[in-house]
Amino acid sequence: MSVKFRTIKGVQDILPPRTYLWQRVEDAAKRIFSLYGFSEIRTPIIEFTELFVRSIGEDTDIVEKEMYTFQDRAGRSITLRPEGTASVVRAYIQNNLYNLPAPQKFYYNGPMFRYERPQKGRYRQFHQIGVEAFAVDAPYVEAELIEMLWLLLEELGMENLNTEVNSIGCSECRPDYKKKLLNYLEGNLGSLCADCMRRYRHNPLRVFDCKVPSCKEIITGAPKITEFLCENCGDHFKRFLSYLKKLDIPYSINPSMVRGLDYYTRTVFEVTTTSLGAQNAVAAGGRYDTLVEEFGGPRTPAAGFAIGMERLITLLEEKPFEPPRPDVYIVSLGDEATDVAYTVASSLRREGLQAELSYGTGSLKSQLRRADRFNATLALIIGEDELRRGTLTCKRLSDGFQVEVKLTDLITDIKKYLNLSLNIEY
RNA sequence: GUGAGUGUAGCUCAAUGGUUAGAGCACUGGACUGUGGCUCCAGGGGUUGUGGGUUCGAGUCCCAUCACUCACCCCA
């Protein structure tokens, strides 16, 4: 068979049973975010290119080389969103959502697009579940966000995760620190690797991430941003950490963590794992106190985070997972019996039971084999004998127990045997 | 954008340059006429990613291309 069409590089079909994992994550997120007062917001997948350039930052890799940008028929520059925050902030201002009682809290879920070379945990179309909280200045918000994130990850049974936190200061203290760092690096320019030379000019904070041993050595002596925060930022960070402690959330301070987007201020955080290879961030976020105002809205502090769905799903797939299975599989022999099977399936489904049927194709043996393959709890058999007696043979597949039940008592009997089989499993 | 590795049945993989490209799993059927899982047997399923080249002969060697994987860069 020759396949005529394939997916584009770096995008993928998400198929069952994997989709059940996606649903599990989405359902849990929806439920937990609601507990914290977050409402769903849905924004378009395409926006004017300028929105992302202005929010993410002109000098970032995302804007420089990773955006899916095209001209529409009227010649406007349009971009497939590479992340979620910019659109939410745009919607917040455009729809005057700041007039709602503060704080305003939103969550979103959907595909993002970045033109990158794919690898483990990194795709050109990927999905994020994210949240944004507006109009609260207090560091309690960041702590609460992380608490909510942890609750979700815990509920999903995630283990071996680390939360790393840092403060990258504000427009007041960060430039001062940057100068100090540049001064320090300047004295070691000769020993830096080629990448770090570029970082030195481009994004000096990134030198902290370098894996080259000689660079690492230089970095250990470099000034740390947490030591140069202004009074307000330092105080904010301290309070943030104390809230985390109060909420009993394990964390470690990573003074070298910087985020890739320009809009972050003060608190930044990442939840990482060791089992994802190089792409180890499962979720990440931070505070962005100036973005709303920069976009023409009122002065509004804000904070948020986003979860990388594919990465989370990859972690969940390390554990055994059982997709939903039919309560009953209906086996029928002959056209007349299959007619009955069809109406039986219908009435069972109306009772909220998952019923699968064979439509009478194949021998009894092969139909039962299929019932087994479907992992059904019960097999219901309708043949000539049952047809004549107005009954069904009900067979419990876990232990082979079998009983004939009257069609008129079907619903109550089936429910009984479904419960019974559950009891046996426990 | 850079580097490395891999492309053979639906899946996981065999096949010294030499007959008609095989096996396990999965699927379908049978052994067992109305009873699943275990076992055994049989069957269907392939343009060996694609296009060139070398050769008497290419799944195998060479080149190109595409895809996938991993890493760098960067990020969720």
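In what follows, chains carry the letters A, B, and so on, assigned in the order in which the sequence lines appear, proteins first and then strands, with residues in each chain numbered from 1.
Heavy-atom distances under 4.0 Å link RNA chain B to A:Arg114, A:Glu116, A:Arg117, A:Gln119, A:Lys120, A:Gly121, A:Arg122, A:Tyr123, A:Phe126 of residues 112-127 of chain A, given in residue order.
Separation of the P atoms belonging to B:G3 and B:U48 is 31 Å when rounded to the nearest angstrom. A gap of 23 Å separates the C1' atoms of B:G51 and B:A9, to the nearest Å. The separation of B:A21 from B:C68, taken at their P atoms, amounts to 30 Å, rounded to a whole angstrom. Look at the P atom in both B:A15 and B:U33: the space between them is 43 Å, to the nearest Å. The P atoms of B:U8 and B:A14 are separated by 10 Å, rounded to the nearest whole Å. Comparing B:C32 with B:C40, their C1' atoms are spaced 12 Å from each other, to the whole Å. Going from the C1' atom of B:G22 to that of B:G29 covers 22 Å, rounded to whole Å. Comparing the P positions of B:G59 and B:G18 gives a spacing of 10 Å, expressed to the nearest Å.
Per the geometry, CG belonging to A:Asn280 stands 14 Å off P belonging to B:C74, to the nearest Å. Following rounding to the nearest Å, A:Leu333 (CG) and B:G34 (P) show an atom-to-atom distance of 8 Å. Residue A:Lys9 contributes atom NZ, which lies 12 Å from atom C1' of B:U65 at whole-angstrom precision. Going from atom CG of A:Asp59 over to atom P of B:C73 covers 19 Å, rounded to whole Å. Between the C1' atom of B:G34 and the CZ atom of A:Arg389 lies a distance of 11 Å, rounded to the nearest Å. We find that CG of A:Leu368 is positioned 13 Å from P of B:U33, with the value rounded to whole Å. With rounding to whole Å, A:Asp262 atom CG is found 14 Å from B:C74 atom P. One can place CG of A:Leu364 at 12 Å from P of B:G29, the figure rounded to the nearest angstrom.
The side chain of A:Thr393 approaches B:U35 more closely than any other nucleotide in the set B:U35, B:G29, B:C74. The nucleotide whose nearest atom lies closest to any side-chain atom of A:Gln279 is, among B:G34, B:C74, B:A76, B:C74. Proximity note for A:Asp61 (side chain, C-beta onward) versus B:A76, B:C74, B:G34: the nearest is B:C74. Comparing atom distances between the A:Arg370 side chain and each of B:A67, B:A76, B:G29 picks out B:G29 as nearest.
When Watson-Crick and G-U wobble pairs are counted only if both distances are under 3.5 Å, B:U12 pairs with B:A23. Pairing for B:G3 is with B:C70, a Watson-Crick or G-U wobble pair whose two hydrogen-bonding atom distances lie under 3.5 Å. When both pairing distances are held under 3.5 Å, B:A76 makes no Watson-Crick or G-U pair with any nucleotide shown. Across every strand in view, B:G57 sits unpaired, with no contact that passes the Watson-Crick or G-U test at under 3.5 angstrom. Pair assignment for B:U47: none, as no Watson-Crick or G-U wobble contacts are both less than 3.5 Å. Checking B:A42 for Watson-Crick or G-U wobble geometry (two distances, each under 3.5 Å) identifies B:U28 as its partner. Across all strands shown, B:G37 has no partner, as no Watson-Crick or G-U wobble contact with both distances under 3.5 Å is found.
For B:U35, its base sits under 3.5 Å from the side chain of A:Gln402 at one donor and acceptor pair at least.
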Per-pair distances, 0.1 Å, donor-acceptor, side chain in residues 146-155 of chain A, under 3.5 Å, sequence neighbours excluded:
| unit_1 | atom_1 | unit_2 | atom_2 | d |
| --- | --- | --- | --- | --- |
| A:Glu147 | OE1 | A:Tyr36 | OH | 3.3 |
| A:Trp150 | NE1 | A:Thr163 | OG1 | 2.6 |
| A:Glu155 | OE1 | A:Arg31 | NH2 | 2.9 |
| A:Glu155 | OE2 | A:Arg31 | NH2 | 2.6 |

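With values rounded to the nearest 0.5 angstrom, A:Glu186 atom CD is found 13.0 Å from A:Tyr184 atom OH. Atom CD1 of residue A:Ile8 and atom CZ of residue A:Arg124 lie 9.5 Å apart, to the nearest 0.5 angstrom. A:Lys105 contributes atom NZ, which lies 15.0 Å from atom CD1 of A:Ile41 (distance to the nearest 0.5 angstrom).
Among the heavy atoms of the strands, none lies under 4.0 Å from A:Gly84. No contact: A:Ile62 has no heavy atom under 4.0 Å from any strand. Base contact: A:Glu384 has a heavy atom under 4.0 Å from a base atom. Within the 4.0 angstrom heavy-atom criterion, only backbone atoms of the sugar-phosphate kind lie near A:Ala284; the bases stay farther away. If you check every strand for non-hydrogen atoms under 4.0 Å, A:Val282 touches sugar and phosphate atoms only. Using a 4.0 Å heavy-atom distance criterion, A:Glu64 is classed as making no nucleic acid contact.
The aromatic rings of A:Phe228 and A:Tyr177 are tilted relative to each other, their planes meeting at an angle between 30° and 60°.
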side-chain hydrogen bond (donor to acceptor under 3.5 Å, both in side chains), that's the test. Do A:Glu386 and A:Thr393 meet it? Break it down for me.
CA-CA 7 Å; A:Glu386 288 86 352; A:Thr393 297; 2.5 Å; yes
So A:Tyr288 and A:Glu132, side-chain hydrogen bond (donor to acceptor under 3.5 Å, both in side chains) or not? Walk me through it.
CA-CA 10 Å; A:Tyr288 50 98; A:Glu132 314 291 351; 2.5 Å; yes
Run the side-chain hydrogen bond (donor to acceptor under 3.5 Å, both in side chains) test on A:Gln367 and A:Ser358 for me, step by step, so that the C-alpha distance in whole Å, both residues' side-chain angles and the decisive distance to 0.1 Å come before the verdict.
CA-CA 7 Å; A:Gln367 290 188 50; A:Ser358 68; 2.4 Å; yes
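Across all their heavy atoms, A:Ala337 and A:Ile382 have their closest contact at CB-O, 3.4 Å.
At distances below 3.5 Å, at least one donor-acceptor pair connects side-chain atoms of A:Asn254 with backbone N or O atoms of A:Ser256. A donor-acceptor pair is defined here as one N or O able to donate and one able to accept, closer than 3.5 Å; no such pair exists between the side chain of A:Thr79 and the backbone of A:Arg81. For A:Asp327 (side chain) and A:Gln354 (main-chain N/O), a donor-acceptor pair under 3.5 Å exists by modelled atom type.
At the phosphate of B:U28, neither OP1 nor OP2 sits under 4.0 Å from any side-chain N or O atom of A:Thr361. Considering only side-chain N and O atoms, A:Lys65 lies nowhere under 4.0 angstrom from the phosphate OP1 or OP2 of B:G1.
Each of A:Ser363 and A:Thr60 lies near RNA chain B, and the nucleotide nearest A:Ser363 is the one positioned closer to the 5' end.
Cation-pi geometry between A:Arg370 and A:Tyr329 is not met: the NZ or CZ atom fails to fall both under 6.0 Å from the ring centre and inside 45° of the normal.
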Sub-3.5 Å pairs of nitrogen or oxygen atoms, protein against nucleotides 37-43 of chain B:
| unit_1 | atom_1 | unit_2 | atom_2 | d |
| --- | --- | --- | --- | --- |
| B:G37 | O4' | A:Asp372 | OD2 | 3.1 |

